Structures are given as C-alpha cells and as structure tokens.
Amino acid sequence: MLETAVIYLSAGVIAVPVATRLGLGSVLGYLIAGAVIGPFAFGFVADQTSVMHFAEFGVVIMLFLIGLEVRPSILWGMRKSFFGLGGAQVVVSGAVLGAIGLALGLFWQESFALGFILALSSTAIVLQTLEERHLRQTATGTASFAILLFQDISIIPMFALLPLLAASHGGDAIAHVNPSALTPYPAWVRALGVLAAVGVIIAIGHYLIRPVFRFIANARQREIFTAAALLLVVAVTLLMEAVGLSAALGAFLAGVVLAESEFRREIEADIEPFRGLLLGLFFMSVGASVDLRLVAHHPLQLAALVPGLMIVKAVLIFGITRLSGAEARTAAQVGVALSQGGEFAFVLLGVASSAGVIATDISALATVGVAVSMALTPIALILFERACMQARPAKGPEPENEAFDERPDAIIAGFGRFGQIAGRLLIVNGFKTSTLEASAEQVALVRRFGRRVNYGDATRLGLLRAAGAADAKLLVVAIDDRDAAEKLVEIATRHFPHLKILARAYDRRHAYRLLDKGADIVERETFEAGLKLGEEALKSLGFEDHLAARARRLFRVHDEEMFRALETVWKDEERFVIATRETSERMNELLAADLQEMRDEQGVDMGTTAVRPTIN
C-alpha cells in the first residue's frame, strides 16, 4: 500500500505542476499521470479496482462541499434551470444518443441504456475545470451546475430502470444491478427504504448535527471536529449505498441540510484538503483505467466514438441552453464543458454489462471512450477559449449601446472591481472615457447595471487605437492579469508615447516591472486599503483621529521612500533581499522617531497603546 501511495503521489507531484505551467490545468495533469503509471503503459500500478473505490470518495466529498454552498433558498431559486435545463439535457441527449445506437444496429435495450448512460457528464472534471478557470460563479458555471445536479439525481431512476431492461433482454434482473441491503425485498419495501434514508439524513442534519458539533466545538479539539465532519460524510455514504442510491447524491443532500448551520464554514475548511487529494487520486485512477491495448485494437471505432459523442452532446447542450435564453458564447461554453462522459458511467456500464443489458465488448469500448472524453475535456475548453479570443476581437469591440467616445480623455483597460472605482471617479467628474474589458462575462454583468463597457483585449494594438489612444491623455491599466498588464504598458509606451500611464500593480515586484516597462505611476492594489484599515486599527487601540491619520500619512511617505530606494536593485534577487532588510530596519527607526515626535508635539502620552510600527 505504501509503495502504491508513493507512486501515485510522485506521479501527481511531477505531472500536475508541469501541466499547469503549460496551461493545461491540473485535471489533465492528473489524467496523464494516471495513464503513464497505469497497467496499460509502464505498469507501475496494476489493479485499479480498489484504488478507484477509494478515490470515488473524493467525488462524494466534493458534492458534500457543493451542498454546503447551496442553501435551500438558492436551490429553490434555481428550480427552473434545474428542471428545465437539466431535465431537457438528460432526456434529449439520452434519446438522440439512443437513436444513434439503434441506427448503428444495436438492440433497443442496449441503445436505450447506452444513450442515457452517455448523456451523463463528469461532475468532478467539469466543476474542477470551471473553478480553475474562474467560471464557477459565471452564467456558464450556473448553467453547468444545474445540469450536472440533475444528472446526478437522474442516476436513481437509471438504476431503477436497468432491472426492467435486463428482464426484457433476458438478463438477470436483480442479482447484478446495484446490489444493496434491500435487494432481496419487494419493490415497495425498497422504495420505502429509500424514502426513509432520505428522511433520516434530513432529520439528523436538522435536529442532531448542530448540538453534536456544538458539543465537539466546546471541547476545542480541532482534530476531533475534523474527524466528526469526515464521520458524517462516511456515514451518509454508507446509508445511501445500503439502500442502493448514489453516495454522491446522499452527500450532496447532507450538505444542503447543513448549509444554514453556523458550523458550515468550519466543516468546509476541515474537509477541503481531503477533497483535493482524493479528487486528484480519482482523476489518476480514471487515467490509469484507459485500456491502451483496446485503443490500439480498435482505433477507428474509438476515433469515431469519442469525437462523435463530444460533438453530439456539445451541439445538443448548446441548443438547449440557447433556447433557455443564454447568450450564444455561454451556451457554446456549457456545451463544450459538458460534452464528455461521466464518472458514474463507469459504474452504470459495469452494472448493465453484468446484467446482460449491454454486450461486454461494447461496454468495454464505451468505458474507454468515456475515459478518453474526460481526458480531452480540459483541452477542448482551452481550444474553445483560444478560438473565442481569436474570433471575437477580430471584429473589434462589440458595444451593445454606444460606440467608443470620440477623442476620450482616458482609456480604462480592465473594468473589474479596481477599474470600476477609478473609471467611475473620472466619469462623474465629467471626463470622457473609453473602457475595454477582456472578459465577456464581466461585460455582460456590468451592462446589466446600465454601465458602458466595451468587450476587447486592450493588448491588441488595433483595438487600443480604435478606443482612442491617439487622442487620449491618460491610460489606466487595471487588468488583473499581471503579464497582460506589463504587455499593455510596453505596447502603449512604444506606440503612444504621449499617454500618461497609471497602472495597477499586484505587489512590489510587479510594480517595479511595470515601471521598467514604462508606466508613469503605479499603485499596489491592496496598499491603500491596508493603510486605511491600519488607521482604523490605531483608532481602535486609542489613537485620536488626527494622530491616526497623520501616522497613516507618515507610513505612506516612508514606504514610498523605501520603494524608490530599492528600485535600482530589484532585478538582483540577493541584493534585493539584503537591501530590503537594511532599508526596512532604517525606515522602521525613522518612522518610529517621527511618530514619537508627533506625539511629543501634541503632548500625548499613549501609554501601553502605542505600538512600534513596522514596514513590510
């Protein structure tokens, strides 16, 4: 077991950083690592069955954490997208894929089962990929989540229908299909057992969990709190498996029940690390399960199956999402994100094969196809985003209300939280601005509130010129992408030297890089907010208002002096570290002396409330 753990951890530690650095994302890194160490490549690990069962617990924890974020009021609010989008996707995709199976000569039972099994998508891969690309809270993330949630719940009727298909196909209707403690009993007993299990989860979550966690919290033993949170997830998993339901569905339900609990954040923080590790193990297990021999023996079938599945699902989901009122780009992104097969397909295909609903060779080929489609999803999203970047900017900005201002006073590149503050201050004082934002989702969001903003990548010289850079006096660089901000400053300095460039910097080093590229003024994005909060902290500790304000001004002056003093050595790491230490100590002494002089002038004795300031 220890050797297997070392192999998996080593593969993940090596592959994931490399994949992330190449822009492929962690999910694809895990999948590639699993394929390399799997039994069909270098064979560092053999049987995946036991590892997969353990790794699937990562999916369970993920859905539990998602449930913690979905309060019942939010779940009720998304009922239209849940039943509308999710229901339509499962029904339409299942029917179309089943019809394709019939056209290829499969029995109707095989076609029906395969169609609805392949209609499912991978909750783990989609949500993880959307999170990495910061799309979870966008329209794309909301629509994807609604569809995935309905898919997870639809697994219940799929398990229920497999016995009927098995019986009509001459297979064993019960023995092999989702065995559970209730399997020997009549259908009405199993139905009551399912309802009772759901009721128990709701009742325990509502009436028992809060006092239990309150009791544990009073003990002030963090590891026991973590153990209790894991115990809750494991217990729910066992209960749902005992009645033949999806463990992931039960975990999600438990999370929803606890979403209003005051211990929600603590539980989430304790379980989050386990989710990341186990999901990584799950992805590697999926990669290792890809039978490369089967790929070599049936290359043409897989070459048709995988792209065919992904294209058909993407087109269908695009159409359904578009009909729901979503924008074309959002609908296309949802289609690409959900175009793969899902992790539950591995379970359902195995069950259907054992019950005789689907032929063994077809089930094996479909399993490999699902695994390969999951591995291709991050790549498909990357290609989609690049295609959008190339296609949309080529048309120039796409304002919905008005074009760019003629002869603007200022151009604002980036209209997120930072850029909006600077831009609104200019606008309310009567200055004309041209605003560029590279995120279509952000453009749509801002325009919902009636604010003018144009879609476009400000680092494109043609678009910058179209925005009025030749006539503007000022360029405000408020892009949150550090590399793009530096590129924009360099382009603007070279082609529009008359522009005064004010740039948002992520930190001190980024500020130096922006100045080196040609920015006239840089402002670290959190510096002023931190100073203001520090001023309020001084007031809370006993400083009078005017003393706290003056201390804030002194701190800023000395920090600015330190910033300028280090500007000549920042490119030399060793000299920069040494100079930072020396300058910090000197600035601390000067600042402390200034503050003491200030207090002496005012005749104020701060006593024990005076705190020796430091500069970071």
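Side chains are part of it too, since the values below use all heavy atoms of this structure and drop only hydrogens, waters and symmetry mates. None of the values given here were measured: they were computed from a predicted structure. In this chain, residues are counted from 1 in sequence order.
- Residues A15 and A33 share a closest heavy-atom pair of CB-CB, 3.6 Å.
- Under the side chain to side chain donor-acceptor pair (under 3.5 Å) criterion, T459 pairs with D457, sequence neighbours left out.
- The distance from atom CG of L474 to atom CD1 of I412, rounded to the nearest 0.5 Å, is 8.5 Å.
- Nearest heavy atoms, A143 versus L85: CB-CD1, 3.9 Å.
- Considering only residues two or more places apart in sequence or on other chains, E535 meets the side chain to side chain contact (heavy atoms under 4.5 Å, CB included) condition with K532, K539, A548, A549, R552.
- Between E385 and Q333, the closest side-chain pair of non-hydrogen atoms falls below 4.5 Å.
- By the side chain to side chain contact (heavy atoms under 4.5 Å, CB included) test, L9 is found to be paired with no residue, residues two or more places apart in sequence or in another chain being considered.
- Contact between A467 and P408 at its shortest, heavy atoms only, is O-CG, 3.5 Å.
- Taking OH from Y30 and CE from M284, the interatomic distance works out to 6.5 Å, rounded to the nearest 0.5 Å.
- Note that the NE2 atom of H546 and the CD atom of E544 stand 5.0 Å from one another [nearest 0.5 Å].
- A salt bridge links D409 with K473: at least one charged nitrogen is closer than 4.0 Å to a carboxylate oxygen.
- Here OG1 of T433 is found 10.0 Å from CD1 of I411. Values are rounded to the nearest 0.5 Å.
- For the atom pair L381 CG and T140 OG1, the distance stands at 9.5 Å (nearest 0.5 Å).
- A search for side chain to side chain donor-acceptor pair (under 3.5 Å) contacts involving T377 returns Q340, not counting sequence neighbours.
- Minimum heavy-atom separation, T129 to P378: OG1-CG, 4.4 Å.
- Listed here is the closest heavy atom pair of L475 and A492: CD2-CB, 3.5 Å.
- With sequence neighbours excluded, the residues forming a salt bridge (charged side-chain N to carboxylate O under 4.0 Å, His left out) with R494 are E490, listed by chain and number.
- Taking the side chain to side chain contact (heavy atoms under 4.5 Å, CB included) definition, one finds that I7 meets it with I37, F44, V45, sequence neighbours left out.
- Remark: A537 engages no residue in a side chain to side chain contact (heavy atoms under 4.5 Å, CB included) (not counting sequence neighbours).
- With 3.5 Å as the limit, one finds no donor-acceptor pair spanning the side chains of K313 and S373.
- Within the 4.5 Å cutoff, side-chain heavy atoms of H498 are placed close to those of F496.
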Going by atom type alone, with no hydrogens or angles, which donor-acceptor pairs under 3.5 Å involve a side-chain atom of residues 480-488 and a protein atom two or more places apart or on another chain?
from	atom 1	to	atom 2	distance (Å)
D481	OD1	D483	N	3.1
D481	OD1	A484	N	3.2
E486	OE2	R513	NE	2.8

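- Taking a 6.0 Å sphere around OH of Y506, one finds it holds 12 or fewer heavy atoms contributed by other residues, nucleotides or ligands.
- Side chains of R504 and L514 form no contact here, defined as non-hydrogen atoms less than 4.5 Å apart.
- Of all heavy-atom pairs between A314 and V336, the closest is CB-N, 4.3 Å.
- The distance from atom CD1 of I125 to atom CG of L130, rounded to the nearest 0.5 Å, is 11.5 Å.
- The side chain to side chain donor-acceptor pair (under 3.5 Å) search around S339 returns none, not counting sequence neighbours.
- Applying the side chain to side chain donor-acceptor pair (under 3.5 Å) criterion to S144, with sequence neighbours excluded, gives no partner residue.
- A donor-acceptor pair is defined here as one N or O able to donate and one able to accept, closer than 3.5 Å; such a pair exists between the side chain of N429 and the backbone of L425.
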